[in-house]
Amino acid sequence: MTGAPAVVPSYSCTIDELMVVAFSRALANDTRAFNGAASFVPVCAYRLARRTHAPELVWAASSIAVDADPAVVGSSTLSDELWGGASMLANSPADFWTYAQGARYNTFAFRGAQMDAYGNVNNSVIGPYHSPKVRLPGGGGMADLGCMIPRIYLWSTTHGPRTFVERLDFRSGLGWGDGGDHRASLGLPGGPRLCVTSLCVFDFEPETKRMRLASLHPGVSVEDVQSATGFEVLLPAGEVPITAQPSAEELHILRTEVDPSGARRREF
Amino acid sequence: MTGAPAVVPSYSCTIDELMVVAFSRALANDTRAFNGAASFVPVCAYRLARRTHAPELVWAASSIAVDADPAVVGSSTLSDELWGGASMLANSPADFWTYAQGARYNTFAFRGAQMDAYGNVNNSVIGPYHSPKVRLPGGGGMADLGCMIPRIYLWSTTHGPRTFVERLDFRSGLGWGDGGDHRASLGLPGGPRLCVTSLCVFDFEPETKRMRLASLHPGVSVEDVQSATGFEVLLPAGEVPITAQPSAEELHILRTEVDPSGARRREF
Amino acid sequence: MPDGATIALGGLSMNSAPMAFVRELVRADKRDLTVVAIVAGMCVDWLVAAGAVSRVVAGLVSFEGLGLAPHFRRAVERGETTMEEYSEHLLICRLQAQARRLPFMPTVAGLGTDVPALHAGSGTLRIETDTATGRPYVACTPLAVDVAVVHVHEADATGNARVHPKLIWMDSEIVNAADRSVVTAERIVDNASFTAEPHRSSYPRFMVDAVCAAPRGAYPTSCFPDYGHDDGFYADYVAACGSPADFGAFWERRIAGPETWDDVLAANGAAVTDGRVAGGST
Amino acid sequence: MPDGATIALGGLSMNSAPMAFVRELVRADKRDLTVVAIVAGMCVDWLVAAGAVSRVVAGLVSFEGLGLAPHFRRAVERGETTMEEYSEHLLICRLQAQARRLPFMPTVAGLGTDVPALHAGSGTLRIETDTATGRPYVACTPLAVDVAVVHVHEADATGNARVHPKLIWMDSEIVNAADRSVVTAERIVDNASFTAEPHRSSYPRFMVDAVCAAPRGAYPTSCFPDYGHDDGFYADYVAACGSPADFGAFWERRIAGPETWDDVLAANGAAVTDGRVAGGST
């Protein structure tokens with residue numbers, strides 16, 4: 001489902017590791033995060049951040065297991081295999097949804113089959129809604145958590161023009177909406193902060209709330225990103241930096257403690 | 001707080017026993033009840049009914065302990081002393097209030113410092129609301145459960161003209177409201193069924209929804225009830241029956257199994 | 001469970017769906033069901049494959065990283081089954097409005113997305129404005145459910161039921177909303193098991209209308225801590241969906257054909273044992 | 001906790017109120033507090049007796065069958081303290097609207113009673129009509145709370161906390177609504193105690209801003225199964241309220257005067273032991 005060009009980083013790390021580390025470094029110590037299905041990159045990023053620069057970071061595995069610290073990441077990010085070491089198993093209706101609505105959980109990451117320049121996502125249909133070319137799973141909690149959670153992160157392991165589109169076929173989950181102050185005008189907190197892809201890292205231009213290149217992965221050019229992106233990519237003032245290389249310590253922790261079985265590679 | 005005339009039943013039971021049994025007999029097998037504070041008469045009635053004619057009756061002690069079957073009734077009907085033998089301790093916000101709102105619990109009993117002919121109650125103030133003669137505790141859950149629960153029972157151990165009034169100083173809890181179809185017009189289910197007092201049992205006249213004498217306790221006359229009641233007491237067609245005498249079995253079960261410590265007498 | 005009924009299925013994604021019960025629906029040749037499932041997958045796909053479903057009311061139907069739900073996908077693309085799509089929380093709010101006998105439940109979920117507009121015609125969701133603050137919200141109207149079916153670890157004969165180590169997913173929302181509820185249980189236990197630990201009960205007997213013993217009844221979804229989902233079954237299922245003939249054989253041999261649920265488990269190498277299901281495809 | 005703050009107290013009636021914390025407020029000579037308590041009694045009466053409270057926001061304040069709360073009653077009758085009266089569920093709905101960042105929570109509670117009209121002026125409750133069904137409902141607006149204080153059995157140093165055998169009352173509603181939360185705990189335990197049984201945790205650390213050890217900290221209310229409420233204390237308290245002199249002496253000797261909470265317990269014959277408090281008045 002992607003037309004992304006192959007990227008071979010010139011680093012001693014793989015693209016999954018580069019993405020996890022880039023995501024991880026963006027997370028502050030007061031992050032209180034949770035995850036949904038098939039979210040290996042975010043799960044590894046949360047775990048890595050907690051073991052490096054953000055020791056007080058909260059991660060609720062599957063939105064349920066608060067402060068989980070499992071020995072390995074298994075084949076599902078909703079499985080109880082991920083819940084080892086938790087201090088609390090929260091109940092979804094009474095606890096999770098209250099914490100999410102009150103922004104007690106302040107951080108969530110999602111992605112869609114399509115994403116637009118404002119960080120809105122589509123995971124419902126490709127093609128016309130009522131006679132779709134592809135019926136996708138549905139937005140699940142994206143329409144909810146996109147509205148409730150102030151710090152939204154997006155990621156994509158398939159950066160190509162079919163994923164990053166000018167216009168979504170359906171808006172299943174809210175990013176910055178129509179841009180500008182649209183989100184605030186709905187009374188909703190925060191919005192998307194970063195989008196970490198297989199080619200680059202986007203942030204969001206503060207006024208328009210459109211994706212803007214924040215850094216290029218090694219070996220990727222601005223033109224590579226633009227040609228893999230269906231909307232006009234905003235550029236920062238000055239030269240676009242290269243995504244910072246993971247430290248040896250980060251890589252060691254990621255490979256040996258956070259995700260020794262390499263579950264993060266399931267998304268690639 | 002009562003001007004009730006003394007009642008000395010000519011039975012081999014006391015008034016508390018007569019009231020508990022009268023209440024108990026009114027409870028159907030599909031009763032799903034719970035109780036609040038200082039509710040000894042209802043608690044004994046639920047327990048007695050379950051042991052006699054209504055074996056499937058549900059009683060949630062303190063609204064929490066489903067199917068509790070304690071050895072004794074203690075000094076508070078909200079105490080964990082009442083929770084022995086329960087099959088479930090429900091959580092109040094997530095479980096109890098959902099069951100109550102959905103009428104999964106279908107039966108509740110309350111009383112007030114004042115009660116009117118429609119079974120509305122006042123437990124908030126005596127006198128003007130903002131400069132009260134007596135500031136009472138407040139309605140607690142009466143305003144809630146009076147609206148949510150289809151089968152409401154009232155009781156009073158102090159049947160006198162200061163309790164049964166023409167006009168409440170404040171309506172803390174809803175019975176039949178203004179009477180007639182008022183309650184249904186608010187979209188609310190059911191309404192009060194009986195009021196068991198220290199002098200008599202009232203039911204509610206089907207059209208007006210006003211209290212109507214259903215039976216007189218032994219030795220009590222219609223005039224006794226009327227003079228102890230601040231509103232006009234409706235009479236049934238024909239002669240007013242005498243409240244049925246408890247059976248020997250009922251008395252035995254009440255005294256030895258349901259409430260061996262006599263907690264029910266705390267209300268008298 | 002008549003044809004045309006609205007049935008809500010418990011579980012979340014690859015966890016704790018009442019699969020043994022779903023197979024009984026398949027074998028009973030049900031038709032025209034409306035299936036409510038907040039976050040679902042295999043349970044919906046079986047019912048759609050059997051031609052039992054005219055409408056799916058859900059937030060998500062997938063096999064997570066193991067793929068799309070093939071029959072669901074195809075039936076919706078062909079217009080044979082309607083996907084009445086909500087988000088998780090919008091669906092929860094509709095269930096809560098029903099359970100609590102409220103005209104609606106308000107939420108900010110769905111604001112700014114295309115989801116509410118899908119339901120403007122039916123009126124099941126309405127975007128409204130708070131009169132005091134001017135803030136918009138989505139009013140979620142009650143969703144009536146005829147029967148909810150959930151899978152638990154233990155139940156007694158009267159209907160008391162519990163999930164180990166506690167109820168974490170959203171099954172209580174469908175039980176609370178439904179007119180009637182069916183519990184399938186890994187084990188039927190004595191009531192004394194509940195009275196010994198009443199704080200661990202998940203449902204009281206008066207919320208449960210029927211109890212069925214169904215050991216390993218969530219297979220191939222998980223019922224942790226007892227057993228995990230069976231990756232191998234999912235993979236084989238998705239592979240078989242590549243051709244109608246393959247799927248027909250798979251369906252007959254591993255899902256619909258075996259006489260009993262134990263036979264299904266045996267056909268999938270997942271017979272009831274003390275351990276977790278690991279792999280398990282035959 | 002500045003003068004003028006809005007503080008919500010946990011517990012229900014004669015159960016699990018954070019009394020040791022309340023005594024600290026008394027000794028700190030707080031003024032002009034707004035006290036939110038869904039169903040309360042002794043905790044409110046102590047604060048009113050100390051002159052700390054300008055407004056009580058509650059559904060019920062009493063000592064159950066043991067009498068009215070004397071200082072609360074008198075202060076409201078004299079106009080010294082305002083009773084902002086709700087029902088239990090109306091108050092819960094206001095707290096839920098706050099916790100969930102909703103413009104309001106709807107309920108049928110209070111319809112047909114005089115309670116909503118008390119708040120028509122302030123607008124904290126509004127009777128509205130559902131646009132689709134014409135059904136009336138009460139819109140309960142958010143109730144902001146500066147600090148919630150709840151008493152639990154066990155907490156760890158990071159703020160994870162649990163109630164035994166489970167959280168049954170409505171304390172989570174005030175914790176969820178409040179900007180900050182304080183937990184007083186019978187026992188401080190290691191985090192390992194939580195990770196060993198994570199399904200039993202009541203609050204995660206990120207909902208708790210401060211933890212204080214307070215053995216027997218709910219006295220004279222209950223903290224079952226550890227100890228029951230102390231009937232004798234309630235009776236002595238009510239009796240002492242008959243005269244200002246008696247109450248002054250009682251207050252000094254048994255509540256406000258003792259140096260530490262342990263001294264309070266000792267003065268009431270309720271020192272920390274392994275058994276339940278039974279009686280206990282000196």
Side-chain angles (χ1 to χ4, degrees), chain A residues 36-38 40 62 64-65 74-81 83 89-97 100-101 120 122-125 127 129-148 168 170-175 177-178 182-183 185-188 266-267, chain C residues 12-15 38-39 41 58-66 68-69 72-79 82-83 85-90 92 96 107-116 118 130 133-138 165-173 176 222 224-225 228-229 231:
Chain A
F40 299 96
S62 322
I64 296 298
S75 70
S76 162
T77 56
L78 292 182
S79 165
D80 68 319
E81 294 177 288
W83 302 2
L89 297 183
N91 167 284
S92 193
D95 300 321
F96 170 74
W97 285 105
Q101 285 173 283
N120 304 301
N122 169 24
N123 212 39
S124 295
V125 290
Y129 188 85
H130 291 289
S131 52
K133 178 158 166 280
V134 185
R135 175 61 231 192
L136 297 166
M142 293 178 199
D144 311 318
L145 301 162
C147 294
M148 297 168 184
L168 302 177
F170 185 82
R171 192 187 285 173
S172 315
L174 188 67
D178 303 337
H182 182 216
R183 205 181 149 90
S185 75
L186 296 171
L188 304 176
R266 288 176 174 267
E267 293 195 40
Chain C
L12 184 129
S13 191
M14 298 197 291
N15 303 301
I38 301 172
V39 172
L60 190 102
V61 181
S62 85
F63 296 168
E64 292 188 31
L66 304 170
L68 300 176
F72 163 77
R73 173 195 166 173
R74 195 156 44 220
V76 175
E77 289 170 5
R78 291 177 178 169
T82 300
M83 169 64 162
E85 179 170 5
Y86 295 92
S87 64
E88 272 182 61
H89 200 252
L90 290 169
I92 291 170
Q96 289 180 344
T107 178
V108 301
L111 288 177
T113 74
D114 290 337
V115 178
L118 294 174
D130 179 51
T133 62
R135 285 183 59 196
Y137 62 90
V138 180
K166 75 183 280 191
L167 189 55
I168 49 171
W169 304 124
M170 294 166 278
D171 288 10
S172 58
E173 303 289 4
N176 290 337
S222 77
F224 49 75
H229 72 268
D231 270 340

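Proteins come first, then strands; the chains are lettered A, B, ... in the order of their sequence lines, and each starts at number 1.
- The two residues C:N15 and A:L78 make their nearest non-hydrogen contact at ND2-O, 3.6 Å.
- The contact between A:I64 and chain C is made entirely by side chain atoms (from C-beta outward), counting heavy-atom distances below 4.5 Å.
- Scanning both residues, C:L60 and A:G140, for their nearest heavy atoms gives CD1-N, 3.7 Å.
- Here the closest heavy-atom approach between residue A:P93 and residue C:S172 is recorded as CG-OG, 3.9 Å.
- If you measure heavy-atom distances from A:L145 to chain C, you find no contacts under 4.5 Å at all.
- The closest side-chain heavy-atom distance from C:P225 to A:W83 is not below 4.5 Å.
- For a residue to count as touching a neighbouring chain, one of its non-hydrogen atoms must lie under 4.5 Å from one of that chain's; by this rule A:E267 does not touch chain C.
- Minimum heavy-atom separation, C:V115 to A:S172: CG2-O, 4.4 Å.
- For the atom pair CG of C:L66 and OG of A:S76, the computed distance is 8.0 Å after rounding to the nearest 0.5 Å.
- Between atom OG of residue A:S62 and atom CG of residue C:L12 there is a gap of 9.0 Å, rounded to the nearest 0.5 Å.
- Interface remark: of the candidates C:R73, C:E77, C:R78, C:E77 forms the most heavy-atom pairs closer than 4.5 Å to chain A.
- Interface remark: of the candidates A:R183, A:H182, A:K133, A:K133 forms the most heavy-atom pairs closer than 4.5 Å to chain C.
- Residue contact with chain C, scored on non-hydrogen atoms closer than 4.5 Å, involves the side chain of A:Y129 exclusively.
- A distance of 10.5 Å separates CD of C:E173 from CH2 of A:W97, quoted to the nearest 0.5 Å.
- Both the backbone and the side chain of C:V108 come within less than 4.5 Å of a heavy atom of chain A.
- Counting heavy-atom pairs closer than 4.5 Å to chain C, the top-ranked of the candidates A:S185, A:A143, A:P132, A:G175 is A:A143.
- Top candidate by heavy-atom pairs under 4.5 Å with chain C, chosen from A:A94, A:G177, A:G138, is A:G138.
- Interface remark: of the candidates C:S62, C:G112, C:G65, C:G112 forms the most heavy-atom pairs closer than 4.5 Å to chain A.
- Between A:R266 and C:E64 there is no salt bridge, since none of the side-chain N atoms of the basic residue sits less than 4.0 Å from a carboxylate O of the acidic one.
- The structure places CZ of A:R135 at 15.5 Å from CZ of C:R74, a figure rounded to the nearest 0.5 Å.
- Of the possible donor and acceptor atoms, none in the side chain of A:D80 sits under 3.5 Å from a partner among the backbone N and O of C:F224.
- With C:T113 as the fixed residue, the side-chain contact (heavy atoms from CB on, under 4.5 Å) test singles out one of A:N122, A:L174, A:N120: A:L174.
- For the atom pair OG of A:S124 and CD of C:E85, the computed distance is 3.5 Å after rounding to the nearest 0.5 Å.
- Counting heavy-atom pairs closer than 4.5 Å to chain A, the top-ranked of the candidates C:V61, C:T133, C:I92 is C:V61.
- C:L68 and A:P137 make their closest contact through CD2-CD, 3.4 Å (heavy atoms, listed as atom of the first residue, atom of the second, distance).
- When A:S131, A:G187, A:G127, A:A90 are compared by the number of non-hydrogen pairs under 4.5 Å with chain C, A:A90 comes out ahead.
- With chain C as the partner, the residue from A:S75, A:A38, A:G146 showing the most heavy-atom pairs under 4.5 Å is A:S75.
- Judged by distance alone, the side chain of C:D114 and the main-chain N or O of A:F170 form no donor-acceptor pair under 3.5 Å.
- Both the backbone and the side chain of A:A37 come within less than 4.5 Å of a heavy atom in chain C.
- No other option in C:H89, C:M14, C:R135, C:M83 has as many heavy-atom pairs under 4.5 Å with chain A as C:H89.
- Contact detail for A:M148 and C:A109: the closest heavy-atom pair is CE-CB, 3.9 Å.
- Once rounded to the nearest 0.5 Å, the distance linking CG of C:L118 with NE2 of A:H130 reads 6.0 Å.
- Contact annotation for C:T82: neither backbone nor side-chain heavy atoms come within less than 4.5 Å of a heavy atom of chain A.
- Applying the side chain to side chain donor-acceptor pair (under 3.5 Å) test to A:R171 and every residue at least two apart in sequence or in another chain returns A:D178.
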